[in-house]
Amino acid sequence: MQIGEAAERVGLSIRTIRHYEDAGLVVPSARSEGGFRLYTEPDLDRLRVIKRMKPLGFTLEEMRDLLRLLDDLTTTDGDARAALLDRLALFHTAAQSRVHALRQQLAMAEGFARQIQEQIDLHNR
């Protein structure tokens, strides 16, 4: 599929997908005769991983590292695979930690919103 359809299916802008391509995170699987980028379902899966990492504050380098790790897991076995799984577990721990921090921020923001609502209610009496 072309970049417009890929963007729509993943929920990213065309500009964002091009940025991720420039950063080396995702490369279109092919190009049409007219030079249009062509994406496959595995390309969309990579974009979905990136999209999920972004709100957790992972850097482009961390995203690149995780994507490389996931690629390597499909072709590696034995002790090397165990080492890759250990690294993947570190990403999982980092993601959980960042989710926890976001939950704390959300709780603080909700408390602030309640406080403002209380002030509105107080002054509307």
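- Surrounding CZ of Arg18 are more than 12 heavy atoms belonging to other residues, nucleotides or ligands, all under 6.0 Å away.
- Distance CG/Asp43 to CE/Met1: 8.0 Å, rounded to 0.5 Å.
- Listed by first and then second residue, the salt bridge (Lys or Arg N to Asp or Glu O under 4.0 Å) pairs involving residues 80-93 are Asp65-Arg87 (not counting sequence neighbours).
- Side-chain contact between Leu66 and Phe58 is absent, with no heavy-atom pair separated by less than 4.5 Å.
- Among all heavy-atom pairs drawn from Tyr39 and Ile17, the shortest one is OH-CG2, 3.4 Å.
- Ile50 is listed as a side-chain neighbour of Leu67, based on a closest heavy-atom distance under 4.5 Å.
- Remark: Thr59 engages Glu62 in a side chain to side chain donor-acceptor pair (under 3.5 Å) (not counting sequence neighbours).
- Under the side chain to side chain donor-acceptor pair (under 3.5 Å) criterion, Glu61 pairs with Arg64, not counting sequence neighbours.
- When the side chain to side chain donor-acceptor pair (under 3.5 Å) test is applied to Asp72, no partner is found at least two apart in sequence or on another chain.
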* List the steps and the verdict of salt bridge (charged side-chain N to carboxylate O under 4.0 Å, His left out) for Asp45 and Arg48. => CA-CA 5 Å; Asp45 290 341; Arg48 289 181 187 107; 2.9 Å; yes
Check: residues 8-15 side-chain donor-acceptor pairs under 3.5 Å, at least two apart:
{"unit_1": "Arg9", "atom_1": "NH2", "unit_2": "Glu41", "atom_2": "OE1", "d": "2.7"}
{"unit_1": "Ser13", "atom_1": "OG", "unit_2": "Thr16", "atom_2": "N", "d": "3.0"}
{"unit_1": "Ser13", "atom_1": "OG", "unit_2": "Thr16", "atom_2": "OG1", "d": "2.8"}

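- In terms of heavy-atom proximity, Thr40 sits nearest to Ser29 at OG1-OG, 3.2 Å.
- A distance-only check finds no donor-acceptor pair linking the side chain of Thr76 to the backbone of Leu73 [under 3.5 Å].
- Pairs of residues two or more places apart, or lying in two chains, that qualify as salt bridge (Lys or Arg N to Asp or Glu O under 4.0 Å) and include a residue from residues 25-36 are Glu21-Arg31.
- Residues passing the side-chain contact (heavy atoms from CB on, under 4.5 Å) test with Ser32 are Phe36, Leu38, sequence neighbours excluded.
- Checked against side-chain contact (heavy atoms from CB on, under 4.5 Å), Val27 has no partners two or more places apart in sequence or in another chain.
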Please tabulate, for side-chain N and O atoms in residues 111-122, each donor-acceptor pair with protein atoms closer than 3.5 Å (sequence neighbours left out).
{"unit_1": "Gln117", "atom_1": "NE2", "unit_2": "Asp121", "atom_2": "OD1", "d": "2.8"}
{"unit_1": "Gln119", "atom_1": "OE1", "unit_2": "His123", "atom_2": "NE2", "d": "3.2"}

